[in-house]
Number of protein chains: 2
Amino acid sequence: MKETPEAAFVEQLGLIYQGEGMPRIAGRIIGLMILDARPYSFDELSKALKISRGSVSTNTRMLERFGVLTRVTVPGDRQDYFKLSKQPYSQMLERQLEKTRRVRSQVAEARDRIPADHAVTRARIDDLIRFYDVVTDTTEKALSQFAESPVRKRG
Amino acid sequence: MKETPEAAFVEQLGLIYQGEGMPRIAGRIIGLMILDARPYSFDELSKALKISRGSVSTNTRMLERFGVLTRVTVPGDRQDYFKLSKQPYSQMLERQLEKTRRVRSQVAEARDRIPADHAVTRARIDDLIRFYDVVTDTTEKALSQFAESPVRKRG
DNA sequence: CAGTTCGTTCAGTCACGATTGAACACTCAT
DNA sequence: ATGAGTGTTCAATCGTGACTGAACGAACTG
């Protein structure tokens with residue numbers, strides 16, 4: 001696999017993930033699975049992407065925790081397999097949403113530590129909080145949109 | 001400035017920015033200006049945040065390019081001043097939106113490089129593209145929401 | 001003109017997270 | 001029990017981007 005459009009797609013997804021502050025390898029795993037949505041064995045991931053088994057372990061586990069990957073096992077086969085979970089993109093949005101909520105509440109707590117007589121300052125922090133609220137709300141709307149049309153598996 | 005809730009807020013915004021993959025210093029500058037929305041001189045930023053002039057230069061210029069900061073000058077004063085621009089949060093959303101659009105079009109191009117007979121593969125990439133579309137649409141909606149109530153300056 | 005005061009640039013350093021690879025523990029087959 | 005096959009962990013390395021500080025040029029002052 002070299003220089004094919006498929007390989008380029010995998011690399012691109014790696015870069016996209018990296019751009020989002022996540023490990024490049026995680027993106028490449030996803031890329032591979034988008035191209036061909038079948039279960040990949042632990043070993044196959046290591047070989048196909050030319051990455052160490054340690055990296056396969058850490059990244060699959062992380063993606064699993066994110067709800068993007070599902071670990072499947074096959075009776076009679078000792079290897080672990082991984083495949084994209086049902087709504088991988090929704091899952092990512094969900095994680096992002098959680099992060100935003102977390103940050104929002106941290107900011108809100110910081111706001112409350114500002115002396116109450118600094119009304120103007122507090123009000124300005126409120127603007128920031130309101131910003132997070134808008135982001136949260138619209139992200140939720142986006143999510144519900146996915147729930148309606150579940151990436152339409154069948155017409 | 002040490003250990004005050006205000007200082008903690010500034011540091012927190014630094015961490016938030018860092019968490020978004022941006023320089024921590026940029027976040028601290030923003031934090032400072034949210035606390036007190038007045039123009040800060042180049043030198044004042046350097047001293048208040050204990051950062052080198054080089055860092056002030058790079059980060060203010062970056063934030064300026066992002067539309068988050070506005071550089072203002074005062075007649076008779078050779079220093080540059082910086083303040084938050086009108087809709088700093090909208091500006092950030094706007095930049096994020098541009099980034100999403102960019103990524104989306106890259107993915108779309110990658111998709112078109114996949115041989116046309118791999119219909120199933122293409123269809124799966126389409127799901128990803130559709131995901132970006134939803135994110136883009138909802139971000140736009142969020143932005144228009146800000147346009148309606150401009151951080152409400154007056155009740 | 002020389003001397004200041006600015007902001008920018010850039011080579012060098014530093015910090016941090018990603019990645020590797022070896023050691024490890026566990027399971028299964030014989 | 002031994003050995004092969006598995007996934008995890010972790011110390012060490014690597015890569016990247018943030019940050020510094022010195023050198024610089026431009027704009028002003030006298």
Side-chain angles (χ1 to χ4, degrees), chain A residues 10-33 39-66 68-83 95 99, chain B residues 10-33 39-66 68-83 95 99:
Chain A
V10 169
E11 292 309 310
Q12 184 181 26
L13 236 62
L15 291 176
I16 291 176
Y17 261 65
Q18 183 164 322
E20 303 294 333
M22 308 180 91
R24 183 188 303 192
I25 287 185
R28 301 211 282 153
I29 293 177
I30 301 296
L32 198 62
M33 295 185 167
Y40 287 79
S41 79
F42 192 98
D43 207 53
E44 188 179 5
L45 287 178
S46 171
K47 291 209 169 60
L49 298 175
K50 298 210 185 69
I51 57 180
S52 72
R53 288 158 25 98
S55 286
V56 174
S57 178
T58 2
N59 283 278
T60 50
R61 232 151 30 82
M62 171 205 178
L63 289 172
E64 198 184 1
R65 191 165 42 82
F66 271 35
V68 177
L69 287 194
T70 307
R71 188 182 302 242
V72 297
T73 54
V74 177
D77 191 340
R78 286 166 64 188
Q79 269 197 94
D80 290 0
Y81 288 77
F82 302 90
K83 62 182 179 88
R95 295 300 91 72
K99 182 181 171 187
Chain B
V10 169
E11 291 310 311
Q12 186 181 24
L13 236 63
L15 290 177
I16 292 176
Y17 260 64
Q18 183 165 324
E20 304 294 333
M22 309 179 91
R24 183 189 303 193
I25 286 185
R28 301 211 283 153
I29 293 176
I30 301 295
L32 198 63
M33 295 184 168
Y40 287 78
S41 79
F42 192 99
D43 207 53
E44 189 179 5
L45 287 178
S46 171
K47 292 208 168 61
L49 298 175
K50 297 210 185 70
I51 57 181
S52 72
R53 289 160 22 97
S55 286
V56 174
S57 178
T58 333
N59 283 278
T60 49
R61 232 150 30 83
M62 172 205 179
L63 289 171
E64 199 185 0
R65 190 165 43 83
F66 271 35
V68 176
L69 288 194
T70 307
R71 189 183 301 242
V72 297
T73 54
V74 177
D77 190 339
R78 287 168 62 188
Q79 268 195 99
D80 290 1
Y81 289 77
F82 302 91
K83 62 183 180 84
R95 294 300 91 72
K99 182 181 172 186

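Excluded from the calculations below are hydrogen atoms, water molecules and symmetry mates; all remaining heavy atoms, backbone and side chain alike, are included. Per chain, numbering begins at 1; letters A, B, ... match sequence-line order.
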Visitor: Given atom CG of B:N59 and atom P of D:dG21, what is their separation to the nearest angstrom?
Guide: 15 Å
Visitor: Please confirm whether the shortest side-chain N or O distance from B:R71 to OP1 or OP2 of C:dT8 is below 4.0 Å.
Guide: yes
Visitor: Report yes if some heavy atom in the side chain of B:Y40 is under 4.5 Å from a heavy atom in the side chain of B:L32; otherwise report no.
Guide: yes
Visitor: Taking B:K99 for its side chain and A:G19 for its backbone only, find out whether a donor-acceptor pair lies under 3.5 Å.
Guide: yes
Visitor: Nearest whole angstrom, please: distance from the P of D:dG5 to the NZ of A:K47.
Guide: 11 Å
Visitor: What nucleic acid atoms does B:R53 come within less than 4.0 Å of, heavy atoms only: base, sugar-phosphate, or nothing?
Guide: base
Visitor: Between the side chain of A:T73 and the main-chain N/O of A:D80, is any donor-acceptor distance below 3.5 Å?
Guide: no
Visitor: Quick one: is C:dT20 close enough that its OP1 or OP2 comes under 4.0 Å of any side-chain N or O from A:S55?
Guide: yes
Visitor: For B:Q79 and C:dT8, what is the distance between atoms CD and P respectively, to the nearest whole Å?
Guide: 12 Å
Visitor: Nearest of C:dG21, C:dC6, C:dT9 to any side-chain atom of A:S52?
Guide: C:dG21
Visitor: Select one nucleotide: of C:dT19, C:dT27, D:dT8, the one nearest the side-chain heavy atoms of A:R78.
Guide: C:dT27
Visitor: Go nucleotide by nucleotide along DNA chain D from the 5' end; which of A:Q18 and A:T60 gets its closest nucleotide reached first?
Guide: A:T60
Visitor: What is the distance from CE of B:M62 to C1' of C:dG7, rounded to the nearest Å?
Guide: 18 Å
Visitor: CD1 of B:I29 versus C1' of D:dC19: gap in Å, rounded?
Guide: 12 Å
Visitor: Side chain of A:D80: nearest nucleotide among C:dT27, D:dG7, D:dT8?
Guide: D:dG7
Visitor: Between A:Y81 (OH) and D:dG5 (C1'), how many Å, whole number?
Guide: 13 Å
Visitor: In this structure, how many angstroms lie between the P atom of C:dG17 and the CD atom of A:E20, rounded?
Guide: 18 Å
Visitor: Once you round it to whole Å, what is the distance between C1' of C:dA18 and CG of A:L49?
Guide: 15 Å
Visitor: Is there a side-chain contact between B:V74 and B:Y81, using heavy atoms and a 4.5 Å cut-off?
Guide: yes
Visitor: Hey, which of B:L63, B:V10, B:L13, B:V56 is the one that makes side-chain contact (heavy atoms from CB on, under 4.5 Å) with B:I29?
Guide: B:L63
Visitor: Can you find a side chain N or O atom of A:S57 that sits less than 4.0 Å from OP1 or OP2 on D:dT8?
Guide: yes
